[in-house]
Amino acid sequence: MVEPLLATSGLTKRFGGLVAANDVALGVEPGEIHAVIGPNGAGKTTLIAALAGELRPDAGTIRFAGTDISRLGPARRAALGIARSFQITSIFREFTALDNVALAVQAHAGHSFRFWRPAQGDARLREPARAALAEIGLADRADMPAAALSHGEKRALELAMVLATRPRLLLLDEPTAGMGPADSADIVRLLAGLKGRLAIVLVEHDMDAVFALADRVTVMVYGRIIATGLPEAIRADAQVRRAYLGEEDS
Amino acid sequence: MRAIDARGIAALVCLTALALVPVIAAAADAPFYVGLFARVMIFAIAALSLDLILGYGGLVSFGHAAYLGIGAYAVAILSFHGVTNGFVHFAAALAAAAVAALVIGIVSLRTSGVYFIMITLAFGQMVYYLGISLNQYGGDDGLSIGRPSDFGGLVDLADPTILYYFVLACLALFLCLGGRAVRSRFGVLLQGVRSNERRMVALGFPVFRYKLAAFVIAGAVCGVAGALFANLTLFVSPGIMHWTRSGEIMMMVILGGIGTLLGPVLGAAVYLLLESVLSRWSEHWQAILGPLLIIVVLFSKSGLMGLIRAPRPPHG
């Protein structure tokens with residue numbers, strides 16, 4: 001069998017006495033949308049942070065595209081093609097929408113020890129940035145300060161930024177958090193459009209979004225993976241229903 | 001593009017006004033002002049260099065006077081040992097300040113926020129006490145410099161007017177380079193770090209090396225300001241590196257306009273001119289400066305620059 005794009009084994013992260021991630025073995029295939037669900041405090045955000053390199057796990061390894069990335073910092077991992085969005089939107093509020101995305105493009109356009117040419121006149125940054133904004137439906141917001149965008153637009157802008165880095169793996173921490181149904185549906189439609197182009201680890205509470213998008217679903221409870229499988233199988237799994245979906249055996 | 005032109009014009013107006021100072025001072029028979037404005041421009045360079053990391057990079061360095069002192073001491077110590085060549089003086093001032101900034105930066109930039117402020121302050125004070133301990137070079141009393149940096153027949157810095165224009169040329173050069181740098185990829189990156197460092201890292205920027213580079217550039221430029229200061233006063237003492245001096249440079253930046261290029265120049269001018277005027281009335285002149293600073297900061301996020309012009313685009 002071909003090695004998955006991302007594979008963790010024995011991944012463990014403790015915060016004092018709390019084991020936020022306990023012996024987690026997660027495999028993500030190229031091009032798949034892999035949803036991670038679980039109740040609050042299940043360790044989903046910890047998992048995302050460990051995959052992105054922001055948290056050092058206490059034990060376990062992470063392999064990405066055939067190399068061990070367990071010891072690499074977040075910037076190195078991003079350079080290898082792992083991009084992430086945050087639960088709380090993380091953008092450059094003082095910059096315009098276009099400048100936000102252009103800076104994301106710049107992160108993957110060689111080193112930035114360039115002191116002379118104005119970045120805002122650099123077509124190699126601006127053109128891909130405009131394209132990414134257009135793809136996400138924010139073309140008409142290009143010159144607006146990011147702080148002035150609506151909540152949904154800010155979430156979309158962050159998505160445009162991470163997509164502009166042309167990642168192979170996208171870590172999305174609740175992309176529809178705090179959104180109304182209409183904005184939420186836009187994001188789901190957008191993510192559906194990405195299907196097959198890149199792998200996505202999707203942490204999401206909105207079960208409609210999860211079951212609309214996911215190729216596979218992993219369920220975490222108290223830091224442990226209790227089930228991984230196709231969406232239908234997860235929906236039917238009695239253990240999952242008991243532990244998470246809050247239903248009685250019937 | 002119009003905004004860039006406006007900024008360029010503002011810089012030109014400012015530099016032209018400064019260029020007229022010696023002429024007016026001669027006409028008014030007040031040569032004192034040539035020295036005062038030379039001092040203003042030297043501190044403008046120091047403040048400009050601080051603003052690169054403080055205003056654009058969000059790095060609140062509270063030990064910036066150290067580089068001013070290192071640059072000045074480089075000139076004084078070389079002169080003391082009989083080296084008078086101006087090129088050597090300025091190269092040594094720049095290099096010594098850059099190396100100091102590299103070492104201080106490597107340690108300090110591992111921290112952030114209030115810890116960064118405290119650690120840069122601590123390094124600044126270490127350099128200050130190092131200056132005091134240099135008994136061979138005057139220790140606490142400081143060190144006189146026999147004559148200014150010698151550039152052969154090129155420029156004669158012993159002539160106050162020529163020194164003045166030399167300082168002005170340096171200021172113009174750094175304003176021009178700074179204007180390019182803050183809008184370059186490097187400058188935009190720095191502003192990204194100020195805005196949201198976590199996002200920068202998550203995008204894949206190895207931010208430490210860029211912050212360190214900015215820190216070293218700022219230190220080196222301030223070292224040049226120090227070399228100019230040594231030529232102006234022909235005397236250095238550890239007092240130039242005291243932490244209150246770092247505070248003054250920071251006040252100039254905040255007063256003039258953080259994250260702008262002309263702001264530090266304006267801030268240095270207002271600060272030093274007020275000092276010059278008010279200290280004639282009272283030794284407690286800072287009692288007047290303090291409230292003024294508070295008023296400016298309260299009413300404008302970008303200092304005096306914010307008061308005298310319309311809201312600006314983010315890459316100002």
Side-chain angles (χ1 to χ4, degrees), chain A residues 48-49 52-54 73-86 88-122 124-125 143-147 158 161-162 164-167 171 173, chain B residues 1-5 7-8 52 55-58 110 173-174 176-214 216-218 220-221 258-260 301-302 311-316:
Chain A
I48 292 278
E54 289 190 349
R76 290 286 304 282
R77 293 190 199 187
L80 285 174
I82 301 179
R84 72 164 299 183
S85 74
F86 292 88
I88 295 164
T89 314
S90 181
I91 54 175
F92 307 105
R93 294 176 54 84
E94 304 88 348
F95 289 26
T96 66
L98 183 61
D99 288 339
N100 265 274
V101 187
L103 190 49
V105 175
Q106 187 181 324
H108 294 255
H111 67 79
S112 289
F113 287 108
R114 296 164 203 260
F115 300 91
W116 192 249
R117 284 189 52 191
Q120 284 185 326
D122 192 337
R124 283 169 303 176
L125 303 179
D143 297 320
M144 257 173 85
E158 187 178 22
M161 288 165 71
V162 295
T165 66
R166 307 201 161 280
L171 309 171
D173 198 353
Chain B
M1 289 310 281
R2 197 180 300 162
I4 292 170
D5 290 346
R7 280 193 290 266
L52 178 73
Y56 290 92
R110 299 194 179 279
L173 175 72
F174 288 130
C176 172
L177 292 178
R180 295 296 301 205
V182 299
R183 280 183 278 281
S184 69
R185 287 194 184 193
F186 183 80
V188 172
L189 176 150
L190 265 190
Q191 294 169 65
V193 171
R194 177 192 63 193
S195 171
N196 187 344
E197 182 165 354
R198 192 179 182 206
R199 179 30 93 197
M200 289 298 280
V201 173
L203 284 176
F205 284 108
V207 293
F208 180 81
R209 67 184 68 158
Y210 293 111
K211 288 199 290 185
L212 185 59
V216 170
I217 292 168
V221 171
I258 226 165
T260 65
K301 253 167 128 184
S302 49
R312 68 203 173 88
H315 289 296

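Each chain gets a letter, A, B and so on, in the order its sequence line appears, and its residues count up from 1. Small disclaimer: the values here were computed from a predicted structure and weren't measured.
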May I have the step-by-step check of side-chain hydrogen bond (donor to acceptor under 3.5 Å, both in side chains) for Glu94(A) and Ser195(B), ending in yes or no? CA-CA 7 Å; Glu94(A) 304 88 348; Ser195(B) 171; 2.6 Å; yes
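The candidate with the highest count of non-hydrogen atom pairs below 4.5 Å against chain A, out of Gly204(B), Ala213(B), Gly179(B), is Gly204(B). Note on Arg199(B), Met200(B), Arg209(B): by heavy-atom pairs under 4.5 Å with chain A, the leading option is Arg199(B). Highest contact tally toward chain B, considering only Arg117(A), Arg84(A), Gln106(A), is held by Gln106(A) [criterion: heavy-atom pairs under 4.5 Å].
Interface residue Ile91(A): only backbone heavy atoms are found under 4.5 Å from chain B. The part of Thr165(A) that comes within reach of chain B is its side chain, from C-beta onward, which places non-hydrogen atoms under 4.5 angstrom from that chain. The parts of Ala104(A) that come within reach of chain B are both its backbone and its side chain, each placing non-hydrogen atoms under 4.5 angstrom from that chain. Neither the backbone nor the side chain of Ala102(A) has a heavy atom closer than 4.5 Å to any heavy atom of chain B. Proximity to chain A is absent for every atom of Leu190(B), based on heavy atoms less than 4.5 angstrom apart. In this structure, the portion of Asp122(A) lying under 4.5 Å from any heavy atom of chain B is its side chain and not its backbone.
Gln191(B) places a side-chain N or O within 3.5 Å of a backbone atom of Val182(B) that can act as its donor or acceptor partner. Ser112(A) places no side-chain N or O within 3.5 Å of a backbone atom of Arg185(B) that could act as its donor or acceptor partner.
For the pair Phe92(A)/Met161(A), a side-chain contact is recorded, criterion being any heavy-atom separation below 4.5 Å from C-beta on. Inter-residue side-chain proximity for Pro118(A) and Arg180(B) is flagged as met; some heavy-atom pair is nearer than 4.5 Å. Between Phe95(A) and Val188(B), the closest side-chain pair of non-hydrogen atoms falls below 4.5 Å.
Atom CZ of Phe205(B) is separated from atom NE2 of His108(A) by 7.5 Å, given to the nearest 0.5 angstrom.
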